[in-house]
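What you see is a predicted model, and the numbers here were worked out from it, not measured in a lab.
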Amino acid sequence: MDQTLAKTSKQDKIWTRDFALICAANFFIFLGFQMTLPTIPLFVQELGGSDKLIGVITGIFTFSALLLRPYAGHSLESKGRQFVYMLGLAIFVLSVGSFAFIFSIVFLILMRMVQGIGWAFSTTATGTIATDLIPPKRRGEGMGYFGLSGNIALAFGPSLGLALVGYLSFTQLFLICSSLGFVALILSSKIRYKKVEKPENAVATPRFDIFERSAIKPSLLLFFITTTFGGIASFLPLYTAEKGIGGIEFYFFVFAMFLMVSRSFAGRLYDKKGHIFVFLPGTTMIFSAMLFLVWLPGSFVLYIAAALYGLGFGTVQPALQAWSVSKAPGHRKGMANATFFSFFDLGVGVGAITFGQIAFLFGYKFIYLASAISVFLSILLYLVLLIRGQKPAT
């Protein structure tokens, strides 16, 4: 009896050697990425670009990633987790390193497209690898812990990037970011990857298989939420500068701190109670954060918005990702993650490009009003699914 309990306990263990390695690799790649997130718009301005170009350059990255997500999902099943992950990391490292030697917006756009390819492969793979390593009964909790690795990077990355750009050149900054990705590449080579066999009775893959159907509902809800990312990552530093509000680097720190707080309990709450106990409270906080940014009289309100946004997104995102993969067959987990991140990218890309036009025509404040409307649409869609009796199993 004791041996059975011990075996069960071991099978339900989250923090294994390989799970720790994938979390560490994820931290370094996200740190390199997050350091570029608020500094790319500044780099575009230095190259002579406008608000519209900032939106395009942000959007082209996410749309590039979006187009490659389905291929990345298929490759995870056909070529293996390790090949796809390390290929994505290598492309990311080379593309970000190339930013250090770019002096033309045209070439920056081209390399942002290449970066999007690397990001599509690496992030689709890393989420799938983490899913492989987490016990199914603790998937919500495990994805919450895994997400913390990216959240810790988010806590320091944007602030560190903005701080370094005041002392270093963009060339030096991008080389540092590329080096962090290289550390992730080294760590990824040490992971013992699980091989997932395709069942003999599995249905043949359709020719134009670009998404996993079981992941569509949570991914669509995510789309309306991640549009807010385009407005915050691309334009919030410019918005606060226009209003003469200091402390933007601390916004990202506060956001990440509260994101980590919510990650510590939201996953377990999802596992025990289901999505209804996390989605509505989380999206309500995100909606409130957008309204605070519309108002934004000073730094204090900026930090309140950061806290609400962190709590809300940290509550919703791991639950939606766990929901996305929970119904997918073992050999389709890669496609489920590809679908999830495709909608994530689509939301960011649509938001960045749309908000670039909104900023140009109406001003930065209206970006966050549009973001609030988008989150409200996600809430409405969720309620429609519940009313129609389409509530997914938890």
Without swapping roles, check the side chain of Thr354 against the backbone of Gly351 for a donor-acceptor pair under 3.5 Å.
no
Evaluate side chain to side chain contact (heavy atoms under 4.5 Å, CB included) for Trp295 paired with Val301, printing each intermediate quantity in order.
CA-CA 8 Å; Trp295 177 36; Val301 172; 3.7 Å; yes
Roughly how far, to the nearest 0.5 Å, is the NZ atom of Lys333 from the CE atom of Met335?
13.5 Å
Going from CG on Leu221 to CG on Leu320, what distance comes out if it is rounded to the nearest 0.5 angstrom?
6.0 Å
Any side-chain to backbone donor/acceptor pair from Glu141 onto Arg138? Under 3.5 Å, distance only.
no
Could you check if a side-chain atom of Leu180 sits within less than 4.5 angstrom of a side-chain atom of Met35, using non-hydrogen atoms only?
yes
Could you tell me whether the side chain of Lys273 reaches within less than 4.5 Å of the side chain of Val278, counting heavy atoms only?
no
Here the pair of heavy atoms bringing Pro135 nearest to Lys13 is CG-O, 3.5 Å
Looking only at heavy atoms, what is the nearest atom pair of Ile379 and Phe279, with distance?
CA-CE2, 4.4 Å
Supply the atom-to-atom distance Leu47 CG to Phe107 CZ, rounded to the nearest 0.5 angstrom.
12.5 Å
Side chains of Thr123 and Arg69 only: does a donor on one sit below 3.5 Å from an acceptor on the other?
yes
So, Thr226 side chain and Phe344 main chain: donor-acceptor pair closer than 3.5 Å or not?
yes
Nearest heavy-atom neighbours spanning Ala65 and Asp345
CB-OD2, 3.4 Å
Start with the C-alpha gap between Ile191 and Gln82, add the side-chain angles, then the distance that decides, and say whether side chain to side chain contact (heavy atoms under 4.5 Å, CB included) holds.
CA-CA 8 Å; Ile191 298 171; Gln82 183 174 19; over 6 Å; no
Expected output: side-chain Tyr239 to main-chain Leu293 donor-acceptor under 3.5 Å:
yes
Taking everything shown except Phe250 itself, do over 12 heavy atoms lie less than 6.0 Å from its CZ?
no
Would you give the length of the straight line joining atom CG of Leu383 to atom CG of Leu280, rounded to the nearest 0.5 angstrom?
5.5 Å
Scan Phe30, Tyr85, Phe63, Phe341 and name whichever one has a ring pair (Phe, Tyr, Trp, His ring centres under 6.0 Å) with Trp119.
Phe30
Would you kindly confirm whether Ile358 and Ile353 end up in one hydrophobic cluster when ILVMFWY residues are joined by side chain heavy atoms under 4.5 Å apart?
yes
Decide yes or no for Pro70 and Ser342: does some side-chain heavy atom of the first lie under 4.5 Å from some side-chain heavy atom of the second?
yes
To the nearest 0.5 angstrom, please state how far the OG1 atom of Thr36 sits from the CG atom of Leu173.
8.0 Å
Ala215 and Ser324: which non-hydrogen atoms are nearest, and at how many Å?
CB-O, 3.5 Å
Would Ser378 and Phe287 satisfy side chain to side chain contact (heavy atoms under 4.5 Å, CB included), going step by step from the backbone distance to the final call?
CA-CA 10 Å; Ser378 183; Phe287 178 77; over 6 Å; no
Side chain Tyr368, main chain Phe292, donor-acceptor under 3.5 Å
no
Would you say Phe376 has more than 12 foreign heavy atoms packed within less than 6.0 Å of its CZ?
no
Can you spot which of Phe61, Phe174, Phe170 makes a side chain to side chain contact (heavy atoms under 4.5 Å, CB included) with Ile40?
Phe174
So, the side chain of Ser149 versus the backbone of Ala24: is there a donor-acceptor pair under 3.5 Å, distance only?
no
Show your reasoning for whether side chain to side chain contact (heavy atoms under 4.5 Å, CB included) applies to Thr315 and Ile286.
CA-CA 10 Å; Thr315 299; Ile286 296 172; over 6 Å; no
Can you establish whether the number of heavy atoms outside Phe223 located under 6.0 Å from its atom CZ is more than 12?
yes
Same apolar cluster (I L V M F W Y, side chains within < 4.5 Å links), Phe103/Leu175:
no
Hey, would you say the Phe19 and Tyr145 ring centroids sit under 6.0 Å apart?
no
Same hydrophobic cluster for Phe300 and Phe258, using side-chain heavy-atom links shorter than 4.5 Å among ILVMFWY?
yes
Quick one: does Arg112's side chain get under 4.5 Å of Phe99's, heavy atoms only?
yes
Checking the side chain of Ser178 only, and the main-chain atoms of Val96 only, is there a donor and an acceptor separated by less than 3.5 Å?
no
Does Ser326 use its side chain to pair, donor to acceptor, with the backbone of Trp323 at less than 3.5 Å?
yes
Side chains of Phe92 and Ile29: closer than 4.5 Å at any heavy-atom pair?
yes
Gap between atom CD1 of Ile367 and atom CD1 of Ile232 - 0.5 Å precision
10.5 Å
Do Thr339 side-chain atoms and Glu212 backbone N/O form a donor-acceptor pair below 3.5 Å?
yes
Short side-chain donor-acceptor distance under 3.5 Å, Ser374 and Thr227
yes
Are side-chain heavy atoms of Leu236 and Ile248 found at a separation under 4.5 Å?
yes
Cluster check Phe224, Leu66: I/L/V/M/F/W/Y, side chain < 4.5 angstrom:
yes
Stepwise ring pair (Phe, Tyr, Trp, His ring centres under 6.0 Å) check, Phe229 with Phe313:
CA-CA 10 Å; Phe229 264 49; Phe313 196 81; 4.9 Å; yes
Heavy-atom side-chain contact between Gln34 and Phe252 under 4.5 Å
no
Please name the pair of heavy atoms, one in Gly334 and one in Thr128, separated by the smallest distance, quoted to 0.1 Å.
CA-OG1, 3.6 Å
Thr126 side chain to Ser122 backbone, donor-acceptor under 3.5 Å
no
Can you find a side-chain donor-acceptor pair between Tyr251 and Thr240 that sits under 3.5 Å?
no
Flag yes if Met113 and Met111 sit in one hydrophobic cluster, no otherwise; membership is Ile, Leu, Val, Met, Phe, Trp, Tyr, and two members link when side-chain heavy atoms are under 4.5 Å apart.
yes
A side-chain contact here means heavy atoms from C-beta on lying under 4.5 Å apart; do Asp18 and Ile129 qualify?
no
Provide the closest heavy-atom pair for Met143 versus Thr131 in the form atom of the first, atom of the second, distance.
SD-OG1, 4.0 Å
Can you confirm whether more than 12 heavy atoms, excluding those of Lys243, are under 6.0 Å from its NZ atom?
yes
